[in-house]
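Okay, so here's the structure we're looking at.
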Amino acid sequence: MIHTILTYPNPELKKKSAPVTIITDAVRELARDMAETMYDAPGVGLAAPQIGVHQRIIVIDVSGRDEPNDLIIAINPVIVHSEGETYEEEGCLSVPNYAANVRRHASVVVKGLDPDGNEKTWHAEDLLAIAFQHEIDHLEGILFVDHLSPLKRDLFQRKARKAAEAAAAGEK
Ligand code: GNR
Ligand code: NI
């Protein structure tokens, strides 16, 4: 089932997600729905809080296809090692019509559980490393715009407010 993706400034996006304690069929179904929602969007990743579920589950596929290709499902993901620096343009399904460069680690090692409850380790570089950091941020209630300089963040907030006002006026 495809879910609605919550967008800025929905306060649900700022809440911290809780660890998954038992991997049930409901958790597996949620992960499948998240993947379906990500491919439909389309996006290269999705975190559970983006569909209003505050559990530590992320899905990622940076293959650029609109169907499962290199699908990663990570439950309770933790960055255990990171190195290097990169500064690439990011977007977010929860922040439509806006993109900006963000400083990230160039490579990360992530540990977590797969949908069968097996411990997994992912070694990620480039876009995959960025996607892991972006999705794990969502689990902490952090959006990529929270990493911007105060000046850029202010410009973003003004643009978002103006767009919201224009949309509200159009609805009248
Ligand atoms: O689809 C997405 N593209 C993207 C591009 C650059 C850096 C991060 C991302 S993640 C984003 C999907 C999304 O919002 N996931 O939370
Ligand atoms: Ni995002």
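FYI, the numbering just counts along the sequence from 1. Whatever order the structure lists ligands and atoms in, that order sets their numbers, starting from 1. The structure presented is a predicted model; accordingly, all values stated were derived computationally and were not measured.
- Between the NE2 atom in H3 and the CG atom in D40 there is a gap of 11.5 Å [rounded to 0.5 Å].
- In summary, E135 and R56 do not engage in a salt bridge, as defined by a charged side-chain N under 4.0 Å from a carboxylate O.
- Distance check, rounded to the nearest 0.5 Å: NE2 of H138 to CG of L46 gives 7.5 Å.
- Expressed to the nearest 10°, the angle at the Ni ion (ligand 2) joining NE2 in H134 with NE2 in H138 is 100°.
- Pocket lining of ligand 1, defined as residues with a non-hydrogen atom under 4.0 Å away: G43, V44, G45, Q50, E89, E90, G91, C92, L93, I130, H134, E135, H138.
- The CG atom of L71 sits 10.0 Å away from atom CE of M34, with the distance rounded to the nearest 0.5 Å.
- Between W122 and F132, the ring planes are tilted. Angles from 30° to 60° get that label.
- Classified by interplanar angle (parallel below 30°, tilted 30° to 60°, perpendicular above 60°), the ring pair H134/F144 is parallel.
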